[in-house]
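Only one structure is covered here, and it is reproduced in the block below.
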Amino acid sequence: MGRDVPALVFTREDRRRYRIKMQECLEAFAQMLGESRFETERPQVGLEIELNLVDDEAEPAMCNSDALEAIADPAWATELGRFNLEINIPPRRLTAGGPDSWETEIRAALNHAEDRAESIGAHLIMVGTLPTLREADVGEAALSENPRYRLLNDQVFAARGEDLHIEVDGVDRLRTYADTIMPEAACTSTQFHLQVSPDEFADYWNAAQAIAGVQVALAANSPFLLGKELWHESRIPLFEQATDTRPQEIKAQGVRPRVWFGERWINSVFDLFEENVRYFPALLPLCDEQDPAQTLDRGDIPDLGELTLHNGTIYRWNRPVYAVAHDTPHVRVENRVLPAGPTVADTLANGAFYYGLTRALVEEERPVWSRMSFSVAEDNLHTAARHGIEARLYWPGMGEVTVPELVLRRLLPLAHRGLELSGMDAAWREPLLGIIEQRCVTGRNGAVWQKEMFHHIDTGARPGRHEALRRMTQQYMDYMHLNAPVHTWPVD
């Protein structure tokens, strides 16, 4: 939910009007799909990266407003916590500009932001969950200043009627309660966007769902949360719990969660927006003045403001997006399963694997989603989050198999094929997918390195748990700035 909203109290009349407007938006969306009014000629990709702010000691720095002012770039925005920032990299064609252009653009933006943040005593770190974050850092005082976060927080707790219960069992056990949604701020992610035609959307979304577990296993980078060693990608269970609007009794009735994998393969992008309206009450019932039917009748393109705002408060791991750019509407898949980091090189390798593999799976004569149950795809996601690159996942034709074997034998060749179909030559794609290959060969990703480095420090010098996490985080940041892929990072 990236839209600024005012601080206010909602009435029953607000909710009634919003429900009517959402239905009107849904009907307009269906009409637009039937009339093929969407951009299909120049599909683009996009990238959002959420980051943490830390001080010179690698402790959380609660200064995102000051950092944003210092950076002075509209591509940057605050996030939920005062120790969070987000950058939106401008959309582009996947193969535009040559092999190094996207990496150069991203690194230039991050380096500029790091230089400006340093002027106020802060630093940026790309990681799924900040290892030095403590429970005291995710209280109400850490909520960002923008009123939309306070409003969202109030609406989540109005729906719940009770405190959040956060519970994750890993190497250690985390049990805590929260009276704000601030624990969600511990989750910092990478979000890949893929614009597709409406006719192809269902295939691409299904493909993205099918590989979500593999993506997480390869890129896990969140083993430490609030001082505990938990899952390899602890961000997944934390995010599912930290924005849950359901008290226990409502969960027991089978009411769907707002952080949602889904429950079925789809046939159309309309399916997802229709589910949003049918299953989820509005958290932020804010109506605008635009009448979508009248706008269409004039020959103009409606913003579908109520539908898109509602969509932004339902946190699918692969989210549908409707947007209007240059007076032309488009739809895209927003892939939200991956953590931030560790480096730009790793991020772009993850993107190449995702874009290439989904393209190849969509082109297959017999789609993978016709050979795999939806519940198995969801199980793969949680198994991967728990065990990371060490997980065993199910894949049609192979059964239950280790992630490195699955990727090296089956999926990496498909990713190469998909990028080739997208116009990316071997000299460009091989260095990117070579990073994925070497992660599988070495069995090392961000989560593995963090765990190994933490235990090396903790057992070597015995400095105490938080101090070991702090030293590990400082070393992580040093390697992050070198931009060498994480599988090459030493532990010493």
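Residue indices begin at 1 and follow the sequence shown.
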Open item on the list: I'd like to check L272 versus W205 (side-chain heavy atoms, cut-off strictly below 4.5 Å). Are they in contact?
Closed with: yes
Task: Side-chain donor or acceptor of N153 paired with backbone N/O of Y149 under 3.5 Å - done: no
Task: Side-chain donor or acceptor of T132 paired with backbone N/O of A58 under 3.5 Å - done: yes
Open item on the list: Could you check whether any side-chain heavy atom of V491 comes within less than 4.5 Å of a side-chain heavy atom of R444, counting everything from C-beta outward?
Closed with: yes
Open item on the list: Which heavy atom of A220 sits nearest to which heavy atom of G388, and what is that distance?
Closed with: CB-CA, 4.3 Å
Task: D55 side chain to H123 side chain, donor-acceptor N/O pair below 3.5 angstrom - done: no
TODO: Say whether H487 and R439, considering side chains only, have a donor N or O and an acceptor N or O under 3.5 Å apart.
DONE: no
Task: Residue pairs passing the salt bridge (Lys or Arg N to Asp or Glu O under 4.0 Å) test where at least one lies in residues 351-363, sequence neighbours excluded - done: R359-E363
Task: Heavy-atom pair of closest approach, residues R93 and V45 - done: C-CG2, 4.5 Å
Open item on the list: If we ignore hydrogens and angles and just use 3.5 Å, is the side chain of E240 paired with the main-chain N or O of W260 as donor and acceptor?
Closed with: no
Open item on the list: Would the distance check show the side chain of W317 and the main-chain N or O of L381 forming a donor-acceptor pair, the cut-off being under 3.5 Å?
Closed with: no
- [ ] Please report the shortest heavy-atom distance between T473 and L130, naming the atom on each side.
- [x] CG2-CD1, 4.3 Å
Open item on the list: So T188 and E86, do their side chains get closer than 4.5 Å, heavy atoms only?
Closed with: no
Open item on the list: Within the 4.5 Å heavy-atom criterion, are L152 and R148 side-chain neighbours or not?
Closed with: no
Open item on the list: Looking at R316 and E334, is any side-chain nitrogen of the basic one under 4.0 Å from a carboxylate oxygen of the acidic one?
Closed with: no
Task: Whether N206 side chain and D203 backbone form a donor-acceptor pair below 3.5 Å - done: no
TODO: With the side chain counted from C-beta on, respond yes when T190 and F192 share a heavy-atom pair under 4.5 Å apart, and no when they do not.
DONE: yes
Task: Distance, nearest 0.5 Å, that separates CD of E467 from CZ of R471 - done: 4.5 Å
TODO: Indicate whether the side chain of Q191 and that of E50 have a donor and an acceptor atom separated by less than 3.5 Å.
DONE: yes
TODO: Determine whether the side chains of N64 and S144 contain a donor N or O and an acceptor N or O closer than 3.5 Å.
DONE: yes
Open item on the list: Treating T328 as the side-chain partner and V324 as the backbone partner, does any N or O pair qualify as donor plus acceptor under 3.5 Å?
Closed with: no
Task: Heavy-atom side-chain contact between Y476 and Q450 under 4.5 Å - done: yes
Open item on the list: If you define the side chain from C-beta out and look only at heavy atoms, does anything of H310 sit under 4.5 Å from T313?
Closed with: yes
TODO: Enter the distance from L110:CG to I87:CD1 here, rounded to the nearest 0.5 Å.
DONE: 5.5 Å
Open item on the list: What's the separation between atom NE2 in H416 and atom CD1 in I436, rounded to the nearest 0.5 Å?
Closed with: 10.0 Å
Open item on the list: Would R417 and E364 count as a salt bridge (charged side-chain N to carboxylate O under 4.0 Å, His left out) here? Give the steps.
Closed with: CA-CA 11 Å; R417 175 62 178 156; E364 284 191 316; over 6 Å; no
Task: Note: E167-R173 ion pair, threshold 4.0 Å (strictly below) - done: no
Task: Check: N52 side chain, L124 main-chain N or O, donor-acceptor pair, under 3.5 Å - done: no
- [ ] Report yes or no: does R82 contribute a side-chain atom to a donor-acceptor pair with the main-chain N or O of A141 at less than 3.5 Å?
- [x] yes
Task: Min side-chain heavy-atom separation L361-I211 under 4.5 Å - done: yes
Task: Reported CG-to-CZ distance for the pair D458 and R465, which is rounded to 0.5 angstrom - done: 7.0 Å
TODO: Name all residues meeting the side-chain contact (heavy atoms from CB on, under 4.5 Å) criterion together with A352; count only those two or more places apart in sequence or in a different chain, and write none if there are none.
DONE: L419, L432, L433
- [ ] Might you work through the side-chain contact (heavy atoms from CB on, under 4.5 Å) test for M472 and H456, ending with a clear yes or no?
- [x] CA-CA 9 Å; M472 181 270 288; H456 174 74; over 6 Å; no
Open item on the list: If I compare all heavy atoms of A427 with all of P431, which pair ends up nearest, and what's the gap?
Closed with: O-CD, 3.2 Å
Open item on the list: Can you see whether H193 engages Q44 through a side-chain donor-acceptor pair at a distance of less than 3.5 angstrom?
Closed with: no
- [ ] Using the six-membered ring wherever Trp is involved, compare the ring planes of F374 and W265 and label them parallel, tilted or perpendicular (cut-offs 30° and 60°).
- [x] perpendicular
- [ ] Say whether, by atom type as modelled, one donor and one acceptor occur between the side chain of W449 and the main chain of P490 under 3.5 angstrom.
- [x] yes
Donor-acceptor contacts under 3.5 Å from residues 67-78 side chains, at least two apart:
unit_1 : atom_1 : unit_2 : atom_2 : d
D73    : OD1    : A75    : N      : 2.9

Task: CD on E59 to CG on L133, rounded to 0.5 Å - done: 9.5 Å
- [ ] Applying ring pair (Phe, Tyr, Trp, His ring centres under 6.0 Å), run through F273 and Y322 and close with a yes or a no.
- [x] CA-CA 10 Å; F273 285 100; Y322 166 90; 7.3 Å; no
Show the atom names and distances, to 0.1 Å, of all donor-acceptor pairs under 3.5 Å that link a side chain in residues 224-238 to residues at least two apart or in another chain.
unit_1 : atom_1 : unit_2 : atom_2 : d
E229   : OE1    : H455   : NE2    : 2.9
E229   : OE2    : K451   : NZ     : 2.7
E229   : OE2    : H455   : NE2    : 3.4
W231   : NE1    : D169   : O      : 2.8
E233   : OE1    : N221   : N      : 2.7
E233   : OE1    : S222   : N      : 3.3
E233   : OE1    : S222   : OG     : 3.0
E233   : OE2    : S222   : OG     : 2.7
E233   : OE2    : R235   : NH1    : 2.8
S234   : OG     : S222   : O      : 2.9
S234   : OG     : W231   : N      : 3.0
S234   : OG     : W231   : O      : 2.8
R235   : NH1    : V337   : O      : 3.1
R235   : NH2    : R336   : O      : 2.9
R235   : NH2    : V337   : O      : 3.0
R235   : NH2    : L338   : O      : 3.3

- [ ] Using distance alone, with no hydrogens and no angle criterion, decide if T343 and D346 have a side-chain donor and acceptor under 3.5 Å apart.
- [x] yes
- [ ] Output all residues satisfying side-chain contact (heavy atoms from CB on, under 4.5 Å) with S101, sequence neighbours left out; order by chain, then residue number.
- [x] R92
Open item on the list: Tell me if a side-chain donor or acceptor on D115 pairs with a main-chain N or O of H112 at a distance below 3.5 Å.
Closed with: no
Open item on the list: Can a side-chain donor-acceptor contact be found between E184 and T243 if the only test is distance below 3.5 angstrom?
Closed with: no
Task: For I49 against M126, the heavy-atom pair lying closest together - done: CG2-SD, 3.9 Å
Output side-chain donor-acceptor pairs under 3.5 Å for residues 394-405, partner residues at least two apart or in another chain, one line each.
unit_1 : atom_1 : unit_2 : atom_2 : d
E400   : OE2    : R392   : NE     : 3.4
T402   : OG1    : E405   : N      : 3.3
E405   : OE2    : R409   : NH1    : 2.5

Task: Distance-only polar pair, side chains of H165 and Q241, donor-acceptor under 3.5 Å - done: no
Task: Residue pair Q474 / R470, side-chain donor-acceptor N/O under 3.5 Å - done: yes
- [ ] Work out which heavy atom in W428 is nearest to a heavy atom in G98; give both atom names and the distance.
- [x] CZ2-O, 3.2 Å
Task: From L53 atom CG to I120 atom CD1, the distance as rounded to the nearest 0.5 Å - done: 7.0 Å
